Amino acid sequence: MRGVRLVSVLAAAIIVTGCADDEPERGGEVTVLAAASLTEPFEALGERLAEDYPDLDVTFSFGPSSGLVEQVIAGAPADVLATANTVTMDNATAAGMLAAEPQVFARNQLALAVPAGNPGEVTGLVDLARGELRIALCEPHVPCGAATAALLDAAGVDAAADTLTTDVKETVALLTLGEADAGLIYRTDAVAADDAVEMVEVAESDSVVNDYPIGVLAEARNPEGAQMVVDAVVGELGRDVLGEAGFLVP
Amino acid sequence: MVLLVPSLLGLALLVLPMAGLLVRAPWGRLPAILSSADVLTAVRLSLVTATVATVVCLVCGVPIAWVLARTAWPGRSLLRGVVTVPLVLPPVIGGIALLMAFGRRGVVGGWLDETFGVSLPFTTAGVVMAQAFVAMPFLVVAVEGALRTSDRRYDDVAATLGASAWTTFRRVTLPSVAPGVLAGAVLCWARALGEFGATVTFAGSFPGTTRTLPLEAYVAIGSGDTDTAIVLSLLMIVVSVGILVGLRRHWVGTA
């Protein structure tokens, strides 16, 4: 452990002295851990940021929110955390992983999605209870699964799932491949999947909304760069790309 | 000294993660976790699927091994290549390939679905297929090795005494390589038990039908239930190490 500390101190010293010669540029490397459902808008945001701030080098790592929180708590080197619901972020906050109170920057809703052409002739949430259909839902412990459970509960539907995915993108893939006849995914994923999946309008979907919080991590190696990314996400640029991807923005 | 340092580093890389599990293991909750309904369901499913997959590998793999060891024809090395590909292929790629072939819109799967109404993804049969896909080479390689080192003259003698090819195979060849077949079957079973990538990709993950032990561990770590994930990891390590220790003569060759 002492060896590791020494190496990081040396590395920090090299970085500090390296920068001291130049005008202190705002930038550097920033690693962002983000929920899988943020993949498209954040990648778009990353490209726009790269144009505006050539010195800022943002790397994204997308995955299931609860897994990302696990990684952060286990000491994964990262600067910013953005999750797909507040429950997972609260776990990170409770563990003292955030530098400041996280901000909600977007909201998402679930959508009932079917493969192009709707082979299972799905018309509403009640169809999720049909045993002969192949149904893919999110695992209850990940954010999209928690929202799924809440939505099904609100609609009074006892779904006959055939597979429970730990990542909403897996559900999207199964729908795109036509291996599943219906599934609940985020509205944004349905927008991103374009023509490969169709959305079936569900009245109850308004009743369940996911808040997406973002925050700078307490152990960020580049807190300044991290704050720049967070500002961009909650700012106009973020609202633009997130709105385009189908998110509801505050 | 030059050899000692890297070998110790390598050893540390292999041993420290296991030690980490032991240190973090929730020993007090161990019995409760191991006897929880979710875990028991996954254990039962894993035992059944790995065993069925091993039987499938024995039935199909032993003849393949015989062909590789005892026949000479131009396509033989190609066959060996095909059979051993899953050894080096990332299992998730195997899962994608299985989905493309046996998925509902796959080449074979589409036909199965239309003709018989049979769909393999998301079923326990799909789990067995995924496991057999990745575990088969372990059996074939072990049995082929045993066949190569066994004395062919016994087979020849049996044949000259009038035994048919099938009788010779069943009564002479197979018994002479029985230890190799057993070792291959046990390795094959262990690999099937640990299968994750191909299973989750091809068969999905649902408690009781497709969620085997490794999938249960993955769901546990993904949903923040670290204790269960650690206990399941320990369980898999104990089984794997137990099997390798039991097979040490065949595996390390220190007889």
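Being a predicted model, the structure only gives us computed values, none of them experimental. A, B, ... follow the sequence lines: proteins, then strands. Residue 1 opens every chain.
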All heavy atoms of A:P119 vs all of B:R105, minimum pair found to be CG-NH2, 4.1 Å

Value for OG1 (A:T163) from CZ (B:F206), rounded to nearest 0.5 Å, stands at 8.5 Å

Counting heavy-atom pairs under 4.5 angstrom with chain B, the leader among A:P64, A:S65, A:A161 is A:A161

Heavy-atom pairs under 4.5 Å with chain A - which of B:S119, B:G106, B:P207 has more of them than the others?
B:S119

Are any side-chain N or O atoms of A:R134 and backbone N or O atoms of B:R104, one a donor and one an acceptor, separated by less than 3.5 Å?
no

For residues B:T201 and A:E170, determine if any side-chain heavy atom of one lies less than 4.5 Å from a side-chain heavy atom of the other.
no

When you look at CZ of A:R107, are more than 12 heavy atoms from neighbouring residues, nucleotides or ligands closer to it than 6.0 Å?
no

Can you say whether A:L174 sits under 4.5 Å from chain B via the side chain, the backbone, both, or neither, judging by heavy atoms?
side chain

If I take atom OG1 from residue B:T209 and atom CG from residue A:D162, how far apart are they, to the nearest 0.5 angstrom?
7.5 Å

Checking heavy atoms, do the side chain of B:L99, its backbone, both or neither come under 4.5 Å from chain A?
both

Which heavy atom of B:P121 sits nearest a heavy atom of A:E179, and at what distance?
CG-OE1, 3.4 Å

Given A:E70 and B:I221, is the side chain to side chain contact (heavy atoms under 4.5 Å, CB included) satisfied, shown in steps?
CA-CA 8 Å; A:E70 267 312 303; B:I221 193 83; 4.2 Å; yes

Please classify the contact of B:T226 with chain A as side chain, backbone, both or neither, using a heavy-atom distance under 4.5 Å.
side chain

Verify the neighbour count for atom CD of A:E40: are there more than 12 heavy atoms of other residues, nucleotides or ligands below 6.0 Å?
yes

Could you tell me if the side chain of A:T166 sits less than 4.5 Å from the side chain of B:Y218, heavy atoms only?
yes

Are more than 12 heavy atoms, taken from residues, nucleotides or ligands other than A:E121, located less than 6.0 Å from that residue's CD atom?
no

